[in-house]
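Position 1 is the first residue of the sequence, and the numbers go up from there. Indexing begins at 1, ligand by ligand and atom by atom, following the structure's order. Both backbone and side-chain heavy atoms feed into the values below; hydrogens, waters and symmetry mates do not.
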Amino acid sequence: MGIGHTRWATHGKPTELNAHPHSSMNAHVVHNGIIENYGELKKEFSENKFLSQTDTEVMVHLFDKFFEETKDSFQAFEKVIESVDGAYAILLITEKDDGKIFFAKKGSPLQIGTEKGEVFFASSDAPLIGLASEAIYLEDNTYGYVTIDEIKVFENGQETTFVKKALATSKFTAQKEGFTFFMEKEIYEQTNVLNDTILGRVDSEKVLFDEIDDDFFVGIEDITICACGTSYHAGLTASYLFGRLAKVKTTVEIASEFRYKDPVLRQNELFVVISQSGETADTLEALKMAKKAGLKTLAICNVDNSSIVRESDATLLTRAGIEKGVASTKAFSAQVTVLWLLALYVGQVKNRISLEDLKKEIKAIGKIKDVTKVDENLRNRIHRLSKRYLHGHGFFFIGRDLFFPLALEGALKLKEISYLHAEGYPSGEMKHGPIALVDSELFTIALMPETLLYDKTRSNVEELSARDSTICAITPTDFDLADDLIKTAKTNHPMLEFFEMMIVVQILSMEISIRLGNDVDMPRNLAKSVTVE
Ligand code: AGP
């Protein structure tokens with residue numbers, strides 16, 4: 001029997017002392033989440049009891065205190081849970097009750113995996129696949145204990161029932177398959193992944209979603225999308241698509257902001273959350289708020305059975321397979337693909353898109369597979385160019401319209417894995433401030449699609465070039481003012497240009513990161529899923 005937790009502490013520096021488990025005389029604990037009242041709780045004990053700077057450690061000292069009072073380990077654990085506020089997935093073991101693992105869940109993900117003669121805890125399916133055949137997805141505010149023979153789940157002092165669900169058996173998609181990095185593999189596999197994302201969801205003149213009832217959009221006038229990071233960028237992209245293709249007003253919110261702004265929520269809006277992991281704490285809490293306000297909810301998610309999927313009224317799975325690289329690539333393109341399909345679906349059910357346009361869009365969707373295939377010549381060119389972009393005082397990724405969210409995403413990718421300062425901007429914003437930073441050491445990565453506002457973007461890039469910025473243009477057209485040009489293939493649809501340029505910015509950030517000798521898959525200070533706020 002053992003417990004462990006691979007993440008560094010949320011409080012205090014990432015040192016060994018602050019890493020879990022934390023121990024006291026009688027107990028050892030691991031915890032994902034934040035104990036908000038730990039400062040208050042700590043006051044009961046003398047400062048020299050604490051070895052770490054974490055919020056977590058207070059729980060083992062509380063356990064000792066309550067065990068002293070009750071002489072019963074389960075009662076002591078229950079009292080610990082009653083005392084703490086915040087979000088948590090907790091596992092605790094004690095010498096006083098050998099063979100038992102105590103657990104509690106509120107806000108942070110926790111599930112139990114079972115196999116004959118073995119019991120596991122994890123925060124998602126991925127680590128359990130191959131070890132356990134069934135899983136129990138714990139609800140918030142439940143706690144209890146497991147032994148090798150029994151699993152006991154409680155809520156509000158009463159024992160409660162639980163359901164076991166079958167777990168996937170194949171872990172095939174989580175191998176590097178000959179690539180050096182997971183991120184690299186995930187960039188390359190997008191062509192196949194996106195095919196899976198689309199599979200069965202379109203015929204030549206219709207978008208089909210088995211997961212949504214025909215009347216799902218009845219009474220829905222507006223859409224609010226809520227997400228974090230890359231998923232937020234997919235949401236921003238979708239807001240242009242929903243406006244154009246379905247004529248639906250769409251607001252996009254960063255989940256951590258949305259939660260505390262006292263948002264105005266109306267019954268005629270659909271609340272869409274986007275999340276690769278399905279466990280992002282801010283997105284999950286925003287979803288709960290929307291549900292509480294009585295809104296219809298829809299999740300775009302990559303992980304079935306995740307907390308966000310379980311909480312939503314309906315889910316469209318992105319089918320990207322397990323994404324291991326911390327910097328999201330295939331999950332982003334799969335989100336955008338689902339959202340593009342969804343925009344068409346809404347246009348279709350609300351009769352806001354002509355059959356002719358719908359057919360054109362569907363035809364373009366059929367070509368995603370081709371434009372996301374990594375061309376080795378392009379990869380080599382980016383590899384060679386990347387050596388010129390390892391320094392400088394910053395990067396501007398710029399684009400207009402659909403290419404603004406892609407500029408944000410390109411900048412996020414670069415900063416995550418290269419640790420260079422990069423910002424994404426709408427091209428038209430340059431003269432409203434950012435242009436003041438421009439000199440030859442400021443690198444502009446210009447997204448210049450031919451099919452959407454080319455001339456406008458071009459004149460914005462000219463302004464930057466006139467101030468001596470080093471310009472790397474990503475475009476299918478020749479452009480004299482570019483210091484470097486990464487040529488994309490010509491297409492007839494902005495979304496196809498979007499996907500082509502997405503591949504370029506993903507590879508560019510990866511090549512820069514590799515040259516800088518960074519850990520591409522596990523960049524410093526970041527975690528794959530952010531289950532604390
Ligand atoms: C993407 O590269 C990031 N690692 C990060 O921004 C991520 O997209 C964000 O934390 C949201 O995660 P989610 O999609 O799992 O909710």
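- The nearest protein atom to atom 15 (O) of ligand 1, hydrogens excluded, is given as Ser277 OG, 2.6 Å; this is a heavy-atom distance.
- Atoms of ligand 1 lying under 4.0 Å from at least one heavy atom of Ser231, given by number and element, are 8 (O), 13 (P), 14 (O).
- Of all protein heavy atoms, the one closest to atom 9 (C) of ligand 1 is Cys228 O, 3.7 Å.
- Considering backbone and side-chain N/O of Val326, one or more are found under 3.5 Å from N/O of ligand 1.
- Backbone and side-chain nitrogen or oxygen atoms of Lys413 are examined, and one is located within less than 3.5 angstrom of a nitrogen or oxygen of ligand 1.
- Taking only nitrogen or oxygen atoms, main chain and side chain alike, Gln335 does not reach within less than 3.5 Å of ligand 1.
- Here Leu128 contributes atom CG and Ser123 contributes atom OG; the two are 8.5 Å apart, rounded to the nearest 0.5 Å.
- At the top of the distance list for atom 10 (O) of ligand 1, counting protein heavy atoms only, stands Val530 CG2, 3.9 Å.
- Contacts between Glu416 and ligand 1 below 4.0 angstrom, taking non-hydrogen atoms only, involve the side chain exclusively.
- Looking only at protein heavy atoms, the nearest one to atom 8 (O) of ligand 1 is Thr230 N, 3.1 Å.
- The protein non-hydrogen atom at the shortest distance from atom 16 (O) of ligand 1 is Thr280 OG1, 2.4 Å.
- If you number the atoms of ligand 1 from 1 as listed, the ones under 4.0 Å from a heavy atom of Gln276 come out as 13 (P), 14 (O), 15 (O), 16 (O).
- No option in Glu189, Gln506, Glu409 other than Gln506 meets the side chain to side chain contact (heavy atoms under 4.5 Å, CB included) test with Thr329.
- Contact analysis leaves Ser529 out of contact with ligand 1, as no non-hydrogen atom separation drops below 4.0 angstrom.
- Within ligand 1, counting atoms from 1 as listed, the ones closer than 4.0 Å to a heavy atom of Ala327 are 2 (O).
- Using a 30° and 60° split on the angle between ring planes, Phe271 and Phe258 fall in the tilted class, from 30° to 60°.
- Near Ser275, meaning under 4.0 Å from one of its heavy atoms, ligand 1 places the atoms 13 (P), 14 (O), 15 (O), 16 (O).
- At a threshold of 4.0 Å, the pair Lys288-Asp140 counts as salt-bridged, since one of the basic side-chain nitrogens sits closer than that to a carboxylate oxygen.
- Proximity of Lys528 to ligand 1, defined as any heavy-atom pair under 4.0 Å, is not found for any part of the residue.
- Close approach to Ser328 involves these atoms of ligand 1, each under 4.0 Å from a residue heavy atom: 1 (C), 2 (O).
- Shown are Thr318, Ile274, Leu316, Thr237; of these, the side chain to side chain contact (heavy atoms under 4.5 Å, CB included) with Leu339 is made only by Ile274.
- The residues Lys387 and Glu511 are annotated as not salt-bridged, no charged nitrogen and carboxylate oxygen being separated by less than 4.0 angstrom.
- The aromatic rings of His11 and Tyr38 sit perpendicular, their planes meeting at an angle over 60°, well past the 30° parallel limit.
- Using cut-offs of 30° and 60° on the angle between ring planes, the pair Phe396 and Tyr425 is perpendicular.
- The minimum heavy-atom distance between Ser306 and Gly278, with the atom names listed, is OG-CA, 3.4 Å.
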Between Tyr88 and Phe103, is a ring pair (Phe, Tyr, Trp, His ring centres under 6.0 Å) present by the stated rule, with each step listed?
CA-CA 10 Å; Tyr88 47 75; Phe103 65 86; over 10 Å; no
